[in-house]
A.B. asks: 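Can you read through this structure? Questions will come right after.
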Amino acid sequence: MSATSPVRAVLPPDIRGRKGQIPLVVLTAYTTPGARLVDAHCDIALVGDSVGMVLHGMPSTLGVTMEMMILHGRSVVKGLSRAMPVIDMPFGSYEESPQQAYRNAARLMSETGAPAVKLEGGVHMAETIAFLTKRGVPVMAHIGLTPQSVNTLGGYKVVGRDGEADSVMEDALAVEAAGAFSVVLEKVPMGLSARITQRLAIPTIGIGAGVHCDGQVLVVDDMLGLFTDFKPKFVKRYAELGTLADQAIAEYAAEVRSRAFPADEHSFADVLKGKKP
Ligand code: KIV
């Protein structure tokens, strides 16, 4: 699937229509092989700006560029045949004005083939979300903990406790009224996310926001256990691939050093004895 391919099977209105039904399954994807794995089981493959931290070793998502999102977005779209791709708008690509947001969202969609973008922000981004949705850009909103604002929030904290609940609810209502087709709730206490989910007509997709959301999203490398030194409370590890990979690489290194690898079966004979190469 590319920017010039036919219309996708699953589009934002289908996702919106999943409100209150079987929970939406969302994982991040950053590459074609990763997207193929996600495609088999998920409704949405999110090309998150977490790519900066997960694949590029950045300390936060703030250094992620449009070029990175386009490169990874194209790669993911190639690996999907049924799940819907959504691409994150990187920090600095949409906050300045609705016009700036439109220019960059249109680039993300036309240069990758993804039918929707995600951006962070509630009440203060509502005007931009309305501008985009009225011009053919479906928007998934992202409220609660918004990692691109880590410096103003003062860290990756739970958002919505201690008197903050009303403002998170206002954000949710504002992005819905602006036309978002769904909203990610990140690190929102579960009672509040249940109330938001009940109040909104669009699906809520939780990450660290409890079981009552209309769907769940995780960073795929986190749930596969690819990082051995990073385990936030809201991540359940469904595999320990980091440990498995470490064991496999250690065994390879030992076998290279002891000359156990490559064996004859991994090598080519000098003379063919009646066998095809
Ligand atoms: O960038 C990302 O991966 C995200 C999800 C964690 C929601 O925004």
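Numbering of residues begins at 1 and proceeds along the displayed sequence. Just follow the structure's listing: the first ligand is 1, and inside any ligand the first atom is 1.
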A.B. asks: Surrounding OH of Y252 (heavy atoms of other residues, nucleotides or ligands, distance under 6.0 Å), is the total greater than 12?
C.D. replies: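 No, not enclosed.
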A.B. asks: Output the distance between atom NE2 (H41) and atom CZ (R82), rounded to the nearest 0.5 Å.
C.D. replies: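 It comes to 9.0 Å.
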A.B. asks: Taking only heavy atoms of D88 into account, list the atoms of ligand 1 that are under 4.0 Å away from them.
C.D. replies: 1 (O), 2 (C), 8 (O)
A.B. asks: What residue and heavy atom of the protein are closest to atom 8 (O) of ligand 1, and at what distance?
C.D. replies: K118 NZ, 2.8 Å
A.B. asks: Would you call E67 and R107 a salt bridge, using N to O less than 4.0 angstrom?
C.D. replies: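 R107 and E67: salt-bridged.
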A.B. asks: Taking distance alone, with N or O pairs closer than 3.5 Å, would you say E186 contacts ligand 1?
C.D. replies: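 The answer is no, given that E186 and ligand 1 share no N or O pair closer than 3.5 Å.
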A.B. asks: Looking only at heavy atoms, what is the nearest atom pair of F181 and V86, with distance?
C.D. replies: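 That closest heavy-atom pairing would be CZ-CG2, 4.4 Å.
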A.B. asks: If the cut-off is 4.0 Å to any non-hydrogen atom of G48, which atoms of ligand 1 fall inside it?
C.D. replies: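 Counting from 1, the qualifying ligand atoms are 1 (O), 2 (C), 3 (O).
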A.B. asks: Flag yes if more than 12 heavy atoms outside E96 fall under 6.0 Å of its CD atom; otherwise flag no.
C.D. replies: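 Counting neighbours around CD of E96, 12 or fewer heavy atoms of other residues, nucleotides or ligands fall under 6.0 Å, so no.
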A.B. asks: Please identify which of these residues, R103, Q148, E120, meets the side-chain hydrogen bond (donor to acceptor under 3.5 Å, both in side chains) condition with Y94.
C.D. replies: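 Output: one option passes, namely Q148.
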A.B. asks: Can you tell me the protein heavy atom closest to atom 7 (C) of ligand 1 and the distance?
C.D. replies: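 For atom 7 (C) of ligand 1, the nearest protein heavy atom comes out as L46 CD2, 3.8 Å.
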A.B. asks: If we set the cut-off at 4.0 Å for heavy atoms, which region of T61 has an atom near ligand 1: side chain, backbone, both, or neither?
C.D. replies: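 Looking at T61 and ligand 1, no heavy atom falls under 4.0 Å.
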A.B. asks: Is I87 reachable from M66 through a run of I, L, V, M, F, W or Y residues, each pair having side-chain heavy atoms under 4.5 Å apart?
C.D. replies: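 The answer is yes; both residues are in one hydrophobic cluster.
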A.B. asks: To the closest 0.5 Å, what do you measure between CD1 (I15) and CD1 (I202)?
C.D. replies: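 If I round to the nearest 0.5 Å, the distance is 12.5 Å.
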A.B. asks: Atoms of ligand 1 less than 4.0 Å from D49 heavy atoms?
C.D. replies: 1 (O)
A.B. asks: Taking only non-hydrogen atoms of E120, do any sit less than 4.0 angstrom from ligand 1?
C.D. replies: no
A.B. asks: Below 3.5 Å, N or O to N or O, backbone or side chain included: is there any such pair between Y30 and ligand 1?
C.D. replies: no
A.B. asks: Which of the numbered atoms in ligand 1 are under 4.0 angstrom from any heavy atom belonging to I207?
C.D. replies: 6 (C)
A.B. asks: Tell me the protein heavy atom at minimum distance from atom 3 (O) of ligand 1, and give that distance in Å.
C.D. replies: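 Scanning the protein heavy atoms, the shortest distance from atom 3 (O) of ligand 1 goes to S50 OG, 2.5 Å.
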A.B. asks: Backbone, side chain, both or neither: what part of T28 comes under 4.0 angstrom of ligand 1, heavy atoms only?
C.D. replies: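 Just the side chain.
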